[in-house]
Amino acid sequence: MSKKVRVRFAPSPTGGLHLGGVRTVLYNYLFAKQNGGDFIVRIEDTDQTRFVEGAEEYIFNTLEWCGLTPDESPKHGGPHAPYRQSERKESYRKYAEELVAKGLAYYAFDTAEDLDAKRKEIANFQYGHSTRISMKNSLTLSDTEFKNLIDANTPYVIRVKLEPHQEIKFTDLIRGEVHFDTTQVDDKVLLKADGMPTYHLAVVVDDYAMQISHAFRGEEWLPSAPVHIFLWDKLFGLENMPQWAHLPLILKPDGNGKLSKRDGDRLGFPVFAMDWKDPRTNEQATGFKERGFLPEAFTNMLAMLGWNSGSEQELFSLEELIEKFSLERVHKGGAKFDFEKAKWFNHEWIKKSTIYDVRSTIYNLFKEHNILVDDESKFEKVFELVKDRCVLLNDFVQQAGYFFQTPTNIDITALQPKWDDKKKSFFTALIQQWNNDFAGDATQLEQQFKALSETQQIKAGELMLPLRVMLVGGKFGPGVFEIASIIGKEETIKRIENTIAMLA
RNA sequence: GGAGCGUUGGUCAAGGGGUUAAGACACCUCCCUUUCACGGAGGAAUCACGGGUUCGAUUCCCGUACGCUCUACCA
């Protein structure tokens, strides 16, 4: 009888959520939904010195933007509340004490200075089976010494005590069987001097309390896994332990190593899902959202960074991902992040999108740039006309803005060199022609234009680019006559007149 | 230093004892387009190295090298 699938994402609220974090959420979410399970978000705020104001709210905003709604969390509630470890502080101590009572953990009174000194004295110092006998702890102190320290309220921590030369192994859902020799594992601190648990104690206690069935986390946790396995074995039984899956890391695009916020700054791409301003340093980091990414594209791109369906399909909606995702197809090795490919995903999703998907986002964007959408049906037409040219949502400002606003920045240098009286007289005649009879339809406008160029004896080809620059301000955009047709007679003539004046 | 994990084109990757070793991004060339895109056609890999096993290894085994992660009273 297998238990209900319950997974958790357990971030610590120390800053913006970056690519690796969101991908971990995604994989958790996909796995839970695929198996009709629950997706829990638990806040691991056991380190009070690293707590950052606003970080937790930011995490939930990010999840909402991505469409990855938790079933249980401090925000959404649930049967295992509270979901913040700081609020569960009382629940951890007894397990640490239980281990001490069983001789599997001990009190240690060494100060930070003591430890620093040791580390300086002994190269590669580890608090473990070979060194703990020379430290200040309940293993080495006499009963009365110990009692005196406790009575004097001396700060202490509780550390696990692992016997050397034991094998600890477990089956990782991605990597298969992984082995460790306890001789190499140090006596990790379980309970800190302030009474808070460390991550190592808190994960197992909470995963047990919340009946987590599968635990996904970054590969950086693999080396401490034996401690967690040990704790599970002694505290709750291996049969109750969640199945582990250690996810590959997301690496820097250049060189090697884990992707960091610094790389984004350096290489000019976002690393966080959304804008994040660190309240302590006032440092600002831009996010994928603000950079113009669609959440569908963002999650699609992230899913493919470490997983592949085995088919040639690359574009997946969240629903398709839920259906197709499988841990067996998650890679073991890390992947370098490629912003160009990320943009490609976004471009594809914009091409797939309809006006209804993105209208409000683009409206807001336009508002920031003082672009006023006067006509809804015109906006729809424009959207269909230019969306193939937009890689990021923000590109709509340039690609669609001139339909609603007379361009102020005319790239005059693009036509100046070849501008002459012949062209000037053509456009003057064109103004007259269109003033009298402006055929509203694009192909008819083109016919009028070409007919005029023939009577004026100028090649139409030499006039297309000037017209384009006059209407849109630069060398881009869809067909010129489409544009003229949409912006209409008055505006078309006005823009031609304006530019002629500028060229005079 | 130690432990753990990893290694298929520049990047993401499929594949898996016998194949012309998929596909995508990027890049280059060409076509389409009197703009920019879209779209279409083409171009690149002795599968890290060395030993085995085998009729045959990119694929299995063992080493080596390289890379990454961890080695905190941080997660």
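Reminder, nothing fancy here: chain letters follow the sequence lines and each chain counts from 1. Owing to the predicted nature of the structure, the values given are computational and were not obtained by experimental measurement.
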Is the distance between the ring centroids of A/Phe383 and A/Phe403 under 6.0 Å?
no

Output field: ring centroids A/Trp232/A/Phe170 closer than 6.0 Å
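No.
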
Listing request: all salt bridge (charged side-chain N to carboxylate O under 4.0 Å, His left out) pairs with a residue in residues 182-204 of chain A, at least two apart in sequence or in separate chains.
A/Arg132-A/Asp187, A/Asp186-A/Lys188

Map A/Gly334 and A/Glu340 onto RNA chain B by nearest heavy atom, then report which one ends up closer to the 5' terminus.
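First, find each residue's nearest nucleotide; the 5'-ward one identifies A/Gly334.
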
Reading RNA chain B from 5' onward, which residue's closest nucleotide shows up sooner: A/Gln184 or A/Gly306?
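In this pair, the answer is A/Gln184.
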
Quick one: list whatever passes side chain to side chain donor-acceptor pair (under 3.5 Å) with [X], sequence neighbours left out.
X        : result
A/Asp357 : A/Thr354
A/Asn394 : none
A/Glu384 : A/Lys387

More than 12 heavy atoms of other groups within 6.0 Å of A/Lys332 NZ
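Not buried by this count: 12 neighbours or fewer within 6.0 Å.
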
Does the plane of the ring in A/Phe379 sit parallel, tilted or perpendicular to the ring in A/Phe404? Use 30° and 60° as the thresholds.
tilted

Going by number, which of residues 171-180 of chain A have a non-hydrogen atom under 4.0 Å from RNA chain B?
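Here the set is A/Arg175, A/Val178, A/His179, A/Phe180.
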
Could you write out RNA chain B as dot-bracket? Rules: Watson-Crick or G-U wobble, both distances under 3.5 Å, brackets [ ] for crossings, | for pairs with another strand, dot for unpaired.
(((((((..(((.....[....))).(((((.......)))))....(((((..]....))))))))))))....

Starting at the 5' end of nucleotides 34-43 of chain B, put B wherever the base has a protein heavy atom under 4.0 Å, S where only the sugar-phosphate does, and a dash everywhere else.
BBBBSS----

Sequence-aligned protein contact record of nucleotides 63-75 of chain B, with B where the base is within under 4.0 Å of a protein heavy atom and S where only the sugar-phosphate is:
----SSBSSSBBB

Measure NZ/A/Lys341 against P/B/rG23 and give the value in whole Å, please.
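My rounded result for the distance is 13 Å.
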
Tell me: NZ of A/Lys336 to P of B/rU7, nearest whole Å?
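That distance rounds to 14 Å.
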
Does B/rC38 sit syn or anti, given that only angles within 90° of 0 count as syn?
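With its glycosidic angle within 90° of zero, B/rC38 counts as syn.
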
Who are the salt bridge (Lys or Arg N to Asp or Glu O under 4.0 Å) partners of [X], not counting sequence neighbours?
X        : result
A/Glu491 : A/Lys494, A/Arg495
A/Asp338 : none
A/Lys352 : none

Going by atom type alone, with no hydrogens or angles, which donor-acceptor pairs under 3.5 Å involve a side-chain atom of residues 15-25 of chain A and a protein atom two or more places apart or on another chain?
from: A/Arg23; atom 1: NH1; to: A/Leu305; atom 2: O; distance (Å): 2.6
from: A/Arg23; atom 1: NH2; to: A/Pro248; atom 2: O; distance (Å): 2.3
from: A/Thr24; atom 1: OG1; to: A/Gly20; atom 2: O; distance (Å): 2.9

Check whether A/Phe476 forms a cation-pi arrangement with A/Arg389 (NZ or CZ under 6.0 Å from the six-membered ring centre, at most 45° off the ring normal).
no

